[in-house]
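Shown next, in structure tokens, is the structure this report addresses.
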Amino acid sequence: MAALLEVRDLCKNFGGLTAVDHLSFDVQPGEIVSLIGPNGAGKTTVFNLITGVYLPPAGDIVFQGRSIRGLKPDAIVRLGIARTFQTLRLFTNLSVLDNVMASQHHKLNLLHVPGAILRTPGYRAWERQARERAIEKMKFFGQRLMGYRFDQPANALSFANRRRLEM
């Protein structure tokens, strides 16, 4: 089976400091992989390389058989690769469902902005689809998150469920 994500000989230096030195690994479809190490080991740098925040001077990153090395972060997000941060970044006063729907903003064509303001039929159709996709994503995390009302504010969730919601 072809790897979903392939990282090959990835390198990154900051001046004279080598943060990532010829790192290689694969992630298979359906597999959950952890990157562990002490503070300063380069874990965040690896995620910043994969998500396009940093351009790797050497190595390659292949997602679904296509090199994404050098793509901008917004293009990488559109392919389906995103990251979370150590500090939660949620819209705490929005509902659980609205937070998940907000994660789809990158799929909204800028031509829909006037439609969003005017609530045109085309925009309402996009919003219905976004709601359906959000519910499917929430089902991925199972009953722990699905047990909450969709209209409940995100700040009413436990820390663990806030983390699930962020993902």
Side-chain angles (χ1 to χ4, degrees), residues 1-91 97-113 115-116 122-123 125-142 144-145 154 160 162-167:
M1 178 182 289
L4 179 65
L5 177 69
E6 301 171 52
V7 173
R8 295 284 170 256
D9 293 319
L10 207 57
C11 297
K12 180 66 179 166
N13 298 310
F14 295 100
L17 174 69
T18 300
V20 179
D21 190 16
H22 298 283
L23 176 69
S24 295
F25 65 89
D26 291 344
V27 178
Q28 300 299 323
E31 188 175 39
I32 297 174
V33 176
S34 296
L35 187 59
I36 60 172
N39 290 344
K43 301 177 299 291
T44 300
T45 301
V46 170
F47 289 115
N48 285 335
L49 289 163
I50 292 169
T51 58
V53 173
Y54 299 149
L55 176 65
D60 198 11
I61 304 157
V62 177
F63 180 66
Q64 295 180 330
R66 174 185 172 201
S67 176
I68 61 170
R69 184 180 184 275
L71 291 182
K72 293 184 179 184
D74 61 305
I76 292 172
V77 164
R78 282 194 295 277
L79 293 173
I81 297 176
R83 62 167 292 180
T84 63
F85 296 86
Q86 290 178 339
T87 304
L88 291 175
R89 296 185 182 188
L90 295 173
F91 299 106
L97 182 59
D98 287 338
N99 267 275
V100 179
M101 287 177 65
S103 71
Q104 300 178 57
H105 75 279
H106 66 281
K107 295 181 179 180
L108 182 60
N109 186 322
L110 288 178
L111 297 175
H112 287 138
V113 173
Y123 177 78
W126 178 87
E127 193 173 38
R128 271 191 308 277
Q129 291 172 347
R131 178 180 295 272
E132 290 169 9
R133 284 191 302 264
I135 290 169
E136 285 301 312
K137 288 178 183 190
M138 291 171 71
K139 286 179 181 175
F140 178 80
F141 285 94
R144 289 200 173 110
L145 189 55
R162 286 183 192 192
R163 177 58 79 187
R164 286 182 183 94
L165 176 57
E166 183 181 48
M167 285 190 252

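Please read these numbers as outputs of a predicted model, since none were measured by experiment.
Legend: residues meeting side chain to side chain contact (heavy atoms under 4.5 Å, CB included) with Ala130, ordered by chain and number and at least two apart, are Met101, Gln104, Trp126, Arg133. In this structure, the side chain to side chain contact (heavy atoms under 4.5 Å, CB included) partners of Gln64, at least two apart in sequence or on a different chain, are Leu4. Judged as a side chain to side chain donor-acceptor pair (under 3.5 Å), and not counting sequence neighbours, Asn99 has no contacts. Here Thr18 pairs with Asn13 under the side chain to side chain donor-acceptor pair (under 3.5 Å) rule; sequence neighbours left out. Ile76 pairs by the side chain to side chain contact (heavy atoms under 4.5 Å, CB included) definition with Ile68, Leu71, Ile81, not counting sequence neighbours. Residues passing the side chain to side chain contact (heavy atoms under 4.5 Å, CB included) test with Ala2: none are found, sequence neighbours excluded. Glu6 meets the side chain to side chain donor-acceptor pair (under 3.5 Å) test with no other residue; sequence neighbours excluded.
A donor-acceptor contact shorter than 3.5 Å is absent between the side chain of Arg83 and the backbone of Asn48. When atom types are taken as modelled, the side chain of Glu166 and the backbone of Arg89 share a donor-acceptor pair closer than 3.5 angstrom. In terms of modelled atom types and a separation under 3.5 Å, the side chain of Thr51 and the main chain of Ala82 share no donor-acceptor contact.
Taking CG of Leu49 as the reference point, atom NZ of Lys12 lies at 6.5 Å (rounded to 0.5 Å). Interatomic distance, Arg69 CZ to Leu55 CG, rounded to the nearest 0.5 Å: 5.0 Å. Taking CG from Leu35 and CG from Leu23, the interatomic distance works out to 7.0 Å, rounded to the nearest 0.5 Å. The distance from the OG atom of Ser67 to the CD1 atom of Ile61 is 7.5 Å, given to the nearest 0.5 Å. Rounding to the nearest 0.5 angstrom, the gap separating the CG atom in Leu97 from the CG atom in Leu165 is 10.0 Å.
The two residues Ala102 and Phe91 make their nearest non-hydrogen contact at CB-CE1, 3.9 Å.
For residues 38-67, no pair satisfies salt bridge (charged side-chain N to carboxylate O under 4.0 Å, His left out), with sequence neighbours left out. Every pair passing ring-ring contact (aromatic ring centres under 6.0 Å, His included) that includes a residue from residues 48-82 is listed here, sequence neighbours excluded: Phe14-Tyr54. Sorted by first and then second residue, the salt bridge (charged side-chain N to carboxylate O under 4.0 Å, His left out) pairs involving residues 17-36 (not counting sequence neighbours) are Arg8-Asp26. Identified under the ring-ring contact (aromatic ring centres under 6.0 Å, His included) test for residues 18-51, with sequence neighbours left out: none.
No more than 12 heavy atoms of other residues, nucleotides or ligands lie within 6.0 Å of CZ in Arg131, so this atom counts as exposed by the packing criterion.
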